Amino acid sequence: MEWHKYNGEVIRMPINEAVEDIIRREAHVGNKLKVYIGTDSQVKRGIIEFATVIVFLREHKGGFMFIQRDKKQHRMSIKERMLTEVQKSIAIAYHLCPLLDQYHIDLEVHADINTNPNFQSNVALKEAMGYIMGMGFIFKAKPESFASTACANKVVQ
């Protein structure tokens, strides 16, 4: 699947190479980066659209993101959909982890799951938290999960 920038420009190299280029470019101009990965989904006319984002935040200087979109055309329970979002985020985090470790860049995996039990997505909270933390990543859920709840959400809306 292809990655692109927020402006729609397609990233024409493997994602790990594109991320390494960003890391080197930002370090060259003196910026310290943090990386946040998250996925959100939206059901529209029976089709589930997923958006996974890699958010790069420069310390005190804003940020930008890379986006990957995907569609599935089968029914999923809310729990299955939430865990599919988490799986997509973990897959890219796991792929990028050696590179981010090499450059000493902090990484968080964000889940679009509400910590309040009154919300439907909460049914997947324990499994998602265990999955992400079990893989060795820092886990954030709503309201602290801006990569999924704001950035990825904006893409699928």
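Position 1 is the first residue of the sequence; numbering continues from there. Quick caveat: nothing in here was measured; it's all calculated off a predicted structure.
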Test side chain to side chain contact (heavy atoms under 4.5 Å, CB included) applied to F64 and K5, step by step: CA-CA 8 Å; F64 55 95; K5 298 177 182 178; over 6 Å; no
Can you find a pair of side-chain heavy atoms, one from V35 and one from V19, that are under 4.5 Å apart? no
Please determine whether residues I113 and I90 belong to a single hydrophobic cluster, defined as Ile, Leu, Val, Met, Phe, Trp and Tyr linked transitively by side-chain heavy-atom distances below 4.5 Å. yes
Can Q87 and Y131 be said to form a side-chain hydrogen bond (donor to acceptor under 3.5 Å, both in side chains), step by step? CA-CA 8 Å; Q87 183 276 326; Y131 190 10; 5.1 Å; no
Rounding to 0.5 Å, atoms CD (Q102) and CD1 (I23) come to a distance of 8.0 Å
With the 4.5 Å side-chain cut-off for hydrophobic clustering, are Y94 and F139 part of the same group? yes
Co-membership, hydrophobic cluster, residues L100 and I92, 4.5 Å side-chain: yes
Give the minimum heavy-atom separation between L57 and G63, together with the two atoms involved. CD2-CA, 3.9 Å
If I compare all heavy atoms of N16 with all of L96, which pair ends up nearest, and what's the gap? CA-CD2, 3.9 Å
Take atom OH of Y6 as the centre, draw a 6.0 Å sphere, and report whether it contains more than 12 heavy atoms from other residues, nucleotides or ligands. no
Start with the C-alpha gap between D21 and M13, add the side-chain angles, then the distance that decides, and say whether side chain to side chain contact (heavy atoms under 4.5 Å, CB included) holds. CA-CA 10 Å; D21 281 355; M13 61 179 74; 3.5 Å; yes
Would you find more than 12 non-hydrogen atoms of other residues, nucleotides or ligands less than 6.0 Å from K44 atom NZ? yes
So, taking the atom named CE in M76 and the one named CZ in R81, what distance separates them when rounded to the nearest 0.5 Å? 9.0 Å
Can you find a heavy atom in the side chain of I37 that is under 4.5 Å from one in the side chain of F137? no
Value rounded to 0.5 Å, distance of CD1 in I11 from CZ in F66: 4.0 Å
Would you say that Q42 contacts Q157 through its side chain, given a criterion of any heavy-atom pair below 4.5 Å between the two side chains? yes
For A111 against S145, the heavy-atom pair lying closest together: O-OG, 3.0 Å
Checking side chain to side chain contact (heavy atoms under 4.5 Å, CB included) for the pair V53/Y36: CA distance, chi angles, key distance, verdict? CA-CA 8 Å; V53 297; Y36 306 84; over 6 Å; no
Any chain of hydrophobic side-chain contacts (each under 4.5 Å) joining I47 to I78? no
Non-hydrogen side-chain atoms of E127 and K79 separated by less than 4.5 Å: yes
About how many Å separate OG1 of T149 and NZ of K142, when rounded to the nearest 0.5 Å? 6.5 Å
Among V123, T115, N116, whose side-chain contact (heavy atoms from CB on, under 4.5 Å) with F119 holds? N116
Determine, stepwise, if the pair M129 / K126 fulfils side chain to side chain contact (heavy atoms under 4.5 Å, CB included). CA-CA 5 Å; M129 187 183 322; K126 287 181 184 175; 5.9 Å; no
With heavy-atom distances below 4.5 Å as the criterion, would you say the side chains of K140 and F146 are in contact? no
No-hydrogen, no-angle side-chain donor-acceptor test under 3.5 Å, H4 and E2: no
Around atom CD of E80, are there more than 12 heavy atoms from other residues, nucleotides or ligands closer than 6.0 Å? yes
Rounded to the nearest 0.5 Å, what's the gap from NZ on K32 to NE2 on H104? Could you check? 10.0 Å
Might you point out which heavy atoms bring D70 and K72 nearest each other, and give the distance in Å? OD2-NZ, 4.0 Å
State whether the side chain of S89 and the backbone N or O of T39 hold a donor-acceptor pair below 3.5 Å, judged by distance alone. yes
Would you find more than 12 non-hydrogen atoms of other residues, nucleotides or ligands less than 6.0 Å from M135 atom CE? yes
For a 4.5 angstrom cut-off between non-hydrogen side-chain atoms, does D40 reach V155? no
4.5 Å side-chain heavy-atom contact, H110 and V55: no
Decide yes or no for I48 and T84: does some side-chain heavy atom of the first lie under 4.5 Å from some side-chain heavy atom of the second? no
Distance check, rounded to the nearest 0.5 Å: I105 atom CD1 versus I22 atom CD1? 10.5 Å
For the backbone of S41 and the side chain of E85, can you confirm whether one donor and one acceptor N or O come within less than 3.5 Å of each other? yes
Salt bridge or not for E49 and R69, using N-O below 4.0 Å? yes
Heavy-atom pair with the smallest gap, counting every atom of G38 and A147: N-CB, 4.0 Å
Does V156 belong to the same Ile/Leu/Val/Met/Phe/Trp/Tyr cluster as M82, with side-chain heavy atoms less than 4.5 Å apart forming each link? no
State whether the side chain of N122 and the backbone N or O of N114 hold a donor-acceptor pair below 3.5 Å, judged by distance alone. yes
